[in-house]
There are 2 protein chains.
Amino acid sequence: MTIDRSAALPDLDQRRVGTSDVRLPPSVLLEGTSGRILREALLLFAEQGFHGTSIRDLAHACQIRSATLYAHYPSKEHVLAELVRIGHEAHHARLVGAQGRDSVERLRTVVREHVLAHAEYPLLAVVSNNELHALSPEMAAPAMLLRADGRQLLMDIINEGISEEVFDVPDAFLAVTAISGMGMRVANWYGSGVPYSPEQIAETYADFALRIVGAA
Amino acid sequence: MTIDRSAALPDLDQRRVGTSDVRLPPSVLLEGTSGRILREALLLFAEQGFHGTSIRDLAHACQIRSATLYAHYPSKEHVLAELVRIGHEAHHARLVGAQGRDSVERLRTVVREHVLAHAEYPLLAVVSNNELHALSPEMAAPAMLLRADGRQLLMDIINEGISEEVFDVPDAFLAVTAISGMGMRVANWYGSGVPYSPEQIAETYADFALRIVGAA
DNA sequence: GCGAGCCGATCGATCGATCGGTAGGCAGGG
DNA sequence: CCCTGCCTACCGATCGATCGATCGGCTCGC
């Protein structure tokens with residue numbers, strides 16, 4: 001009996017994201033032309049990058065003229081900044097909202113939320129992570145603070161588990177990079193062709209995280 | 001006693017890479033103007049992206065005029081294609097060269113090589129992974145084949161370990177995405193400010209991978 | 001004097017951004 | 001009811017700058 005491995009491993013393509021499903025967190029107002037611009041920019045920036053998308057590309061996708069864009073946003077960079085803000089605030093809120101009775105449960109819920117954010121909003125995650133460099137330092141600063149805080153949150157949980165001798169991990173910092181890194185990459189491959197729900201991926205990755213820190 | 005966590009977690013910055021150390025595999029000829037162009041393009045494409053780097057940016061970094069570039073490469077895209085080719089061939093060669101007596105040792109060495117490739121050549125890895133979308137499908141095709149083969153190689157090792165009942169993992173595909181994903185992200189944060197050697201990171205990540213598949 | 005390597009000048013196209021002006025809905029006075 | 005005035009939303013035309021790429025010609029070493 002042989003295993004059909006070509007079916008087990010879906011072919012990933014050249015794109016930076018596995019989906020074209022434009023989706024923004026429910027807290028974001030999407031009505032009117034401003035919302036339309038935000039949604040089309042999300043798709044274009046994710047697929048072609050900030051510098052690979054022109055003002056006219058964006059306007060054409062919104063079915064408006066390029067001049068109209070400036071009635072809603074002062075510049076192309078401000079559109080990106082708004083998407084980056086939304087992405088980082090949504091992600092950070094999920095991390096902070098994750099609760100747990102002990103270190104194990106806290107790590108599980110935090111990783112679950114981390115992965116869910118990347119699987120449910122892949123376009124937003126890709127833009128937030130891959131186009132951050134295109135922002136001026138001033139416009140990127142708020143996102144950088146949220147990133148640092150999120151890393152620290154994960155670091156604290158792991159340090160807590162170590163000091164309680166519930167976790168057994170060779171290096172706390174490398175555990176943070178590994179756990180956050182594997183979750184971030186989900187945004188690059190998760191899409192319609194992948195036979196998993198975001199919840200399934202989040203649950204399994206949370207289990208992986210507990211294995212990494214030696215708690216499972 | 002409190003832990004100085006600000007020292008434990010180095011501040012990462014807005015950049016796409018943690019280093020500016022231009023390095024290419026030894027197999028690549030770096031002599032002459034063609035090599036110089038390749039090296040400067042590696043840095044610029046990694047830091048600013050393909051579309052964020054102009055022909056004149058690249059020429060200026062090489063201390064030549066933009067017209068001279070076309071004496072060495074037919075187009076800007078061909079420069080990127082060459083970097084992508086070098087990156088994927090070097091990475092794939094390392095994976096294929098990884099040996100091991102059993103499933104555990106094979107997974108350990110493959111993950112070690114995977115991580116080493118991303119830690120020793122972060123700029124090359126970032127360009128290969130993040131700028132692949134900027135290539136036309138024809139020019140990206142060879143790299144896509146190498147990527148698919150590398151994924152399959154990892155998948156085969158994990159399936160082998162599962163069928164031998166050496167590994168205990170809830171889902172083989174998600175283990176592949178998690179292990180390869182955490183290794184790929186290393187290229188984005190590893191740099192001079194990080195107090196680990198590539199070998200230390202590779203060794204620890206290989207241990208993490210074995211924990212993920214339930215073999216450690 | 002010949003080929004290799006480089007460059008100044010320039011091509012048409014496109015870039016991000018700005019301007020004055022127009023169309024349409026709505027409020028208030030007659 | 002109509003008329004007037006205004007405000008919001010949008011657009012055509014165009015700005016100077018920069019884009020990727022091309023060409024003929026220059027300057028060397030051999």
Side-chain angles (χ1 to χ4, degrees), chain A residues 28-85 127 130-140, chain B residues 28-85 127 130-140:
Chain A
V28 182
L29 250 308
L30 288 179
E31 296 168 8
T33 305
S34 295
R36 176 74 186 273
I37 292 170
L38 223 49
R39 283 186 286 118
E40 300 295 343
L42 178 60
L43 180 61
L44 290 172
F45 289 171
E47 291 191 333
Q48 321 182 44
F50 177 72
H51 291 300
T53 304
S54 75
I55 282 292
R56 287 166 183 80
D57 289 340
L58 179 53
H60 182 259
C62 299
Q63 292 179 293
I64 58 176
R65 308 306 140 212
S66 63
T68 306
L69 283 173
Y70 292 88
H72 298 275
Y73 298 93
S75 74
K76 191 174 78 155
E77 189 184 5
H78 281 79
V79 180
L80 174 60
E82 179 68 1
L83 288 173
V84 167
R85 183 191 68 80
V127 170
N130 292 37
E131 302 301 323
L132 187 59
H133 76 280
L135 287 177
S136 66
E138 306 83 56
M139 301 198 93
Chain B
V28 182
L29 251 307
L30 289 180
E31 296 167 8
T33 304
S34 294
R36 175 74 185 273
I37 292 170
L38 222 50
R39 284 186 286 118
E40 300 295 343
L42 177 60
L43 180 62
L44 290 172
F45 289 172
E47 291 193 333
Q48 319 182 42
F50 177 71
H51 290 300
T53 304
S54 75
I55 283 291
R56 288 166 182 81
D57 289 340
L58 179 52
H60 181 259
C62 300
Q63 292 179 293
I64 58 176
R65 309 305 140 212
S66 63
T68 307
L69 283 171
Y70 293 88
H72 298 274
Y73 297 93
S75 74
K76 191 173 78 155
E77 189 184 5
H78 281 80
V79 179
L80 174 60
E82 178 67 0
L83 287 173
V84 167
R85 183 191 66 80
V127 170
N130 292 30
E131 303 301 322
L132 188 60
H133 76 279
L135 287 177
S136 66
E138 307 83 54
M139 300 198 95

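Source: prediction; values computed, not measured. Just so you know, these numbers use all the heavy atoms, side chains as well, and skip hydrogens, waters and symmetry mates.
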Nucleotide-resolved protein contact map, nucleotides 3-9 of chain C, B/S/- at heavy-atom distance under 4.0 Å: ---SBB-
Grab the two heavy atoms, one from [X] and one from [Y], that are nearest each other, plus how far apart they are.
{"X": "B/L42", "Y": "B/V127", "result": "O-CG2, 3.8 Å"}
{"X": "B/G52", "Y": "B/D57", "result": "O-OD2, 4.0 Å"}
{"X": "A/Q48", "Y": "A/T53", "result": "CB-OG1, 3.8 Å"}
{"X": "A/E77", "Y": "A/S136", "result": "OE2-N, 2.8 Å"}
{"X": "A/S66", "Y": "A/R56", "result": "CB-CG, 4.3 Å"}
{"X": "A/R36", "Y": "A/C62", "result": "NH1-O, 3.7 Å"}

What is the distance from [atom1] of [X] to [atom2] of [N], rounded to the nearest Å?
{"X": "A/H60", "N": "C/dC15", "atom1": "NE2", "atom2": "P", "answer": "13 Å"}
{"X": "B/L58", "N": "D/dC19", "atom1": "CG", "atom2": "P", "answer": "12 Å"}
{"X": "A/I37", "N": "D/dC11", "atom1": "CD1", "atom2": "P", "answer": "10 Å"}
{"X": "A/L69", "N": "D/dA9", "atom1": "CG", "atom2": "C1'", "answer": "13 Å"}
{"X": "A/R36", "N": "D/dC10", "atom1": "CZ", "atom2": "C1'", "answer": "15 Å"}
{"X": "A/H78", "N": "C/dA17", "atom1": "NE2", "atom2": "C1'", "answer": "13 Å"}

Would you compute the distance between atom [atom1] of [X] and atom [atom2] of [Y] and round it to the nearest 0.5 angstrom?
{"X": "B/L38", "Y": "B/L30", "atom1": "CG", "atom2": "CG", "value": "7.5 Å"}
{"X": "B/Q63", "Y": "B/T33", "atom1": "CD", "atom2": "OG1", "value": "11.0 Å"}
{"X": "A/I55", "Y": "A/R65", "atom1": "CD1", "atom2": "CZ", "value": "14.5 Å"}

Dump every N/O contact between nucleotides 24-30 of chain D and the protein below 3.5 Å, one line per pair.
none

DNA chain C-proximal residues of residues 47-57 of chain A, any heavy atom under 4.0 Å: A/T53, A/S54, A/I55, A/R56
A/L80 backbone acceptor or donor facing A/E131 side chain under 3.5 Å: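 No; judged by distance alone, with no hydrogens or angles, the pair does not exist.
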Axis-to-axis angle between the two ends of the helix from C/dG1-D/dC30 to C/dG30-D/dC1 (five base pairs per end, rounded to 10 degrees):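 What I find for the helix from C/dG1-D/dC30 to C/dG30-D/dC1 is an axis angle of 10°.
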Listed once per pair and sorted, the ring-ring contact (aromatic ring centres under 6.0 Å, His included) pairs that draw on residues 31-78 of chain B, sequence neighbours left out: B/F45-B/F50
Full working for side-chain contact (heavy atoms from CB on, under 4.5 Å) between A/I37 and A/I64: CA-CA 9 Å; A/I37 292 170; A/I64 58 176; 4.2 Å; yes
D/dA21 phosphate, OP1 or OP2, under 4.0 Å from B/Y70 side-chain N/O: yes
Contacts of type salt bridge (Lys or Arg N to Asp or Glu O under 4.0 Å), residue A/R85, not counting sequence neighbours: A/E82, A/E89
